Colleague: 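Would you mind keeping the following structure in view while I ask a few things?
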Amino acid sequence: MKPLRTRFAPSPTGYLHVGGVRTAVFAWLLARQSGGQFVLRLEDTDKKREVAGSDRHVMESLRVLGLDYDEGPDIGGPFAPYRQSERLSIYEQWAKKLIDAGRAYTDPYSAEEVQAFREQAVSQKRPFLYRNHRPDNPPVWDDTKPLRFKSDPKSYKWRDAILGDLSTGPEIIDDFILVKSDGYPTYNFAHIIDDSEMHITYLIRGQEFTASVPNYLNLYEALGLEPPVMATVPHILAPGGQKKLSKRDGAKDVLDYIRDGFLPEALVNFIASLGWNDGTEQEIFSRKELIEKFSLGRVHRSGAHFDERRLLWMNGYYIRELELDDLYEKVSNYWPPESESYAEAYKKQVLGLVQERLKYFAELPELTSLFFVDLPLDPSLITEHKQLKKLSREDLKILLKQARSSLETSVFSVADLTTRLNELIELTGQKPAVLFSLIRIATTQAAASPGLAETLAVLGKQRSLKRLDRQLSSL
RNA sequence: GGCCUCAUCGUCUAGCGGCUAGGACACCAGGUUCUCAUCCUGGCAACCGGGGUUCGAUUCCCCGUGAGGUCACCA
């Protein structure tokens, strides 16, 4: 049996978003589960659309997501080069073969003339077929005009690994362009040559290509090449509508998610789960489990909406599952600047308190700054508190003074603080909702914070009392 | 418009002739001595429509409807 080989073949025209990465994830999973190879090939045949540096960007994206490739532009491999712009002579050889076999010819028309044919067809509400205008005596190909495939219209039936049995009639087979007038091959030509030369056995790509598959099959026949297994992955849809997720909809660069502190494992789990599941109720899959359980046969045939809230939940789940030391290492670049002078042990304590509410690392500053710096007094925390706003200024002062004198003698362990706080409840006769809220607000000046005893214990005695005093003097 | 594809809660999905149509996210309510979060419990919420086939259709078939893709010297 031939080894299973898949590829991811983006054009370097920008960044990779969740939709684009999904085909890479599926191709990678397939290769890894079978012990095959995953190949990265850059389809840089459109020099006008190319974005400088995006080749590095794409490779970096795959690297940080852990989608390691076995062969690629930067690491080479047995079928190098892996950049189409460096393979022009290969396409030229195959083009000559087709010309010699009478299966390719020069397109004598200008772009404007072809466009006129096209508009004529459109105005008659008919699909445009270039082959209806196939020239009788095309000129010899000289690299200044496009080279077209001389198709052999016929019906096709084929099996798609995801969509199942597909078929089309001869009316969609046409003479498409193989080589553009600038000398670069079209995708339609180059990918077929490359997939064949690179021994790709499974071809996973988005549904925008399904309509062209019969034309590809026609070309495979003319070239005498065996097509790989085709697998059509439905699009990931933008949140609101029914359209394919795109950069125009604000689809984020996957590297931006990484920068915001999304875990690669969560991202891959989330992306793989969009349109795929293993038939059980399992939601969280480790990388290893994904590799074991993934199958093209269980990929959905319809598009799936991208819902960032689900990604947020999943990332939070992965964060909560991390060991504290591991999490501490991962968030090292996300601390607020005020934390700089604090010791590792203190920061770890703080991190332990916020771990369960952290959805992504970039939230760390807003969740933890109260532990490093005295936040400005916010009177509205009291005046708009549904319980506290009923109390007079004097009552608040009395409560805070009682709290202060009790905490003054505490050793500020969580256990001791808990005891003191309980004693204060009895002493003051106040409900926790009143007393604890007041102390919490006084010592944090934050709308939300971790549990009171835990927060005070981490803040420490000196800072806690200082903040109580500050609140007191403001009343 | 031609051709191709798709169709279960708001979202991601399970289901492959017989189920009170299950789970997850989100949302709502309650509990966890305070907030936020976590966690637990409960709740809301779906088979696009119409015909068939069948004892019985979410499931199979047909026709609609809706959505998407494609018809580039872009990939």
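Owing to the predicted nature of the structure, the values given are computational and were not obtained by experimental measurement. Each chain gets a letter, A, B and so on, in the order the sequences are listed, and its residues count up from 1.
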Colleague: Within the 4.0 Å heavy-atom criterion, would you say A/D174 contacts the bases, only the backbone, or no part of the nucleic acid?
Modeller: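 If one applies the 4.0 Å heavy-atom cut-off, A/D174 turns out to touch nothing in the nucleic acid.
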
Colleague: B/U5, B/C25, B/U33: which one has an atom nearest the side-chain heavy atoms of A/W313?
Modeller: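 Nearest to the side chain of A/W313 among the choices is B/C25.
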
Colleague: Any side-chain N or O of A/R320 below 4.0 angstrom from OP1/OP2 of B/C39?
Modeller: yes

Colleague: Just call it for A/G451: base, sugar-phosphate, or nothing, with non-hydrogen atoms closer than 4.0 Å on any strand.
Modeller: base

Colleague: Quick one: label A/I172 by what it contacts on the DNA or RNA (base, sugar-phosphate, nothing), any heavy atom closer than 4.0 Å.
Modeller: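 Sugar-phosphate, no base atom in range.
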
Colleague: In terms of the angle between their ring planes, are A/Y187 and A/Y216 parallel, tilted or perpendicular, with boundaries placed at 30° and 60°?
Modeller: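 Ring orientation of A/Y187 relative to A/Y216: perpendicular.
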
Colleague: I want to verify a distance call: between B/A14, B/A26, B/C6, whose nearest atom is closest to the A/R301 side chain?
Modeller: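 That would be B/C6.
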
Colleague: Over how many whole Å does the gap from A/L399 atom CG to B/C34 atom C1' extend?
Modeller: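 Roughly 13 Å, once rounded to whole Å.
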
Colleague: Relative to each other, are the rings of A/Y317 and A/W313 parallel, tilted or perpendicular (30° and 60° limits)?
Modeller: tilted

Colleague: Which base, if any, makes a Watson-Crick or G-U wobble pair with B/G42, both distances under 3.5 Å?
Modeller: B/C28

Colleague: Any salt bridge linking A/R298 with A/D278? Criterion: basic side-chain nitrogen under 4.0 Å from a carboxylate oxygen.
Modeller: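 Judged by the 4.0 Å cut-off on N to carboxylate O distance, A/R298 and A/D278 do not form a salt bridge.
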
Colleague: Rounded to whole angstroms, how far apart are CD on A/E321 and C1' on B/C39?
Modeller: 12 Å

Colleague: For B/U54, which nucleotide is its Watson-Crick or G-U wobble mate, given both distances must be under 3.5 Å?
Modeller: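 Checking every strand shown, B/U54 finds no partner, since no pair has both distances under 3.5 Å.
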
Colleague: Are A/Y109 and A/F117, when compared by the centres of their aromatic rings, separated by less than 6.0 Å?
Modeller: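 Centroid separation for A/Y109 and A/F117: below 6.0 Å.
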
Colleague: Given the rule in the side-chain contact (heavy atoms from CB on, under 4.5 Å) test, do A/L375 and A/T444 qualify, once you have shown the distances and angles that lead to the verdict?
Modeller: CA-CA 7 Å; A/L375 298 179; A/T444 65; over 6 Å; no

Colleague: B/A14, B/U11, B/G23: which one has an atom nearest the side-chain heavy atoms of A/N277?
Modeller: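 Closest nucleotide among those given: B/A14.
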
Colleague: Could you give the CD-to-P distance, from A/E283 to B/A24, as a whole number of Å?
Modeller: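 Rounded to whole Å, this separation is 7 Å.
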
Colleague: Is a salt bridge present between A/R134 and A/D175, judged by a nitrogen-to-oxygen distance below 4.0 Å?
Modeller: yes

Colleague: Pairing check on B/C6: which nucleotide meets the Watson-Crick or G-U wobble criteria with it, both distances under 3.5 Å?
Modeller: B/G66

Colleague: Could you go through the ring pair (Phe, Tyr, Trp, His ring centres under 6.0 Å) check for A/W335 and A/F372 one step at a time?
Modeller: CA-CA 10 Å; A/W335 291 102; A/F372 303 108; 5.8 Å; yes

Colleague: From the set B/U11, B/U35, B/C4, return the single nucleotide nearest to any side-chain atom of A/D307.
Modeller: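 So the nucleotide nearest the side chain must be B/U11.
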
Colleague: Distance check needed: B/U8 P versus A/H305 NE2, whole Å only.
Modeller: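 Value for this atom pair: 11 Å.
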
Colleague: For every nucleotide of nucleotides 59-75 of chain B, 5' to 3': is a protein heavy atom under 4.0 Å from its base (B), only from its sugar-phosphate (S), or from neither (-)?
Modeller: --------SSSSSSBSB

Colleague: Quick one: which of A/K47, A/R41, A/K48 gives a salt bridge (Lys or Arg N to Asp or Glu O under 4.0 Å) with A/D44?
Modeller: A/K47

Colleague: Check whether the side chain of A/R440 and the base of B/C34 form a donor-acceptor pair under 3.5 Å.
Modeller: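 Present.
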
Colleague: Using whole Å, what does the distance between atom C1' of nucleotide B/U33 and atom CD of A/E426 come to?
Modeller: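 Taking CD of A/E426 and C1' of B/U33, I get 12 Å after rounding.
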
Colleague: So if I take every side-chain heavy atom of A/T418 and compare against B/G10, B/A24, B/U33, which nucleotide ends up nearest?
Modeller: B/U33

Colleague: Checking only heavy atoms, does the side chain of A/R310 share a donor-acceptor pair with the base of B/A26 at less than 3.5 Å?
Modeller: no

